[in-house]
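Okay, structure first, notes after.
All values reported here derive from a predicted model rather than from experimental measurement. For the single chain, residues carry numbers from 1 onward in sequence order.
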Amino acid sequence: MNFRHLFVGLLISAVACTSLAKGDDSYSTTKKDTTTTATDQGMKETDTILTRAIREKINSDGSVSMMGKNITIVSQNGMVTLKGAVASQNEKNKISKIANEISGNKVTDQMTVKK
């Protein structure tokens, strides 16, 4: 009888470990982070060109701080996401304006002002 309980316990443990190894987190109560990161950059040439154009325009603007020049810019299917901390609200507005002008007003602004 004890051997049977041990066997059943080991079997249940093996199934649970296999589910976890496969990434089955259906029992998880935490939400997955769905925010955009640099690794989400679109692989289309048009997305790369769009990101590069925005980055070059921001970097060539002498009034943008180094912090502002280091924001994350991600383009996916022509949509642009701006993320990261900037030095001021004015800088945030300027960077957002640059990105909107280049992308045709297809920008999601997730930048924050450093306090």
Side-chain angles (χ1 to χ4, degrees):
M1 189 84 161
N2 286 337
F3 180 73
R4 179 179 284 169
H5 284 62
L6 178 63
F7 179 75
V8 170
L10 287 173
L11 184 62
I12 290 171
S13 295
V15 170
C17 288
T18 302
S19 293
L20 290 175
K22 290 181 180 177
D24 181 7
D25 62 352
S26 58
Y27 297 103
S28 175
T29 58
T30 59
K31 286 183 151 183
K32 291 188 189 295
D33 185 7
T34 58
T35 58
T36 304
T37 65
T39 59
D40 295 318
Q41 173 65 40
M43 297 307 291
K44 294 180 182 176
E45 185 177 0
T46 53
D47 288 329
T48 303
I49 292 169
L50 180 58
T51 298
R52 185 181 311 127
I54 295 169
R55 172 78 59 209
E56 287 173 355
K57 181 78 173 180
I58 291 169
N59 287 344
S60 68
D61 190 316
S63 67
V64 176
S65 71
M66 188 55 70
M67 184 183 302
K69 291 178 181 181
N70 285 322
I71 63 160
T72 300
I73 304 168
V74 177
S75 300
Q76 293 177 314
N77 300 317
M79 301 298 296
V80 177
T81 301
L82 305 173
K83 244 184 125 161
V86 294
S88 68
Q89 184 63 46
N90 286 340
E91 185 170 82
K92 182 178 188 244
N93 295 343
K94 177 176 273 203
I95 293 170
S96 184
K97 181 179 177 186
I98 290 169
N100 274 300
E101 287 173 353
I102 294 172
S103 71
N105 295 318
K106 296 179 180 178
V107 175
T108 300
D109 182 350
Q110 296 178 352
M111 294 180 291
T112 58
V113 177
K114 184 177 179 187
K115 295 180 182 186

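For the pair I73 and L82, the minimum side-chain heavy-atom distance is below 4.5 Å. The shortest distance between side-chain heavy atoms of V74 and T51 does not fall below 4.5 Å. Residues K83 and I71 fail the side-chain proximity criterion, which asks for heavy atoms closer than 4.5 Å.
For Q89, the side chain to side chain contact (heavy atoms under 4.5 Å, CB included) criterion is met by K92, N93, V113, not counting sequence neighbours. In this view, N59 and R55, K69 satisfy the side chain to side chain contact (heavy atoms under 4.5 Å, CB included) rule, not counting sequence neighbours.
If you check the side chains of D61 and S63, you find a donor sitting under 3.5 Å from an acceptor. In the model, T81 has no side-chain atom that pairs as donor or acceptor with a side-chain atom of Q110 under 3.5 Å.
When the options I54, V86, N100, N90 are evaluated for a side-chain contact (heavy atoms from CB on, under 4.5 Å) with I95, the one that passes is V86.
In this structure, CE in M67 is found 7.5 Å from CD in E91, a value given to the nearest 0.5 Å. I98 CD1 to S60 OG: the interatomic distance, rounded to the nearest 0.5 Å, is 7.0 Å. Q76 contributes atom CD, which lies 11.5 Å from atom CG of L50 (distance to the nearest 0.5 angstrom). In this structure, OG1 in T72 is found 11.0 Å from CE in M111, a value given to the nearest 0.5 Å.
Annotation for S75 and V80: closest pair OG-CG2, 3.7 Å, computed over non-hydrogen atoms.
The main-chain N or O of N77 is found under 3.5 Å from a side-chain atom of D47 such that the two form a donor-acceptor pair.
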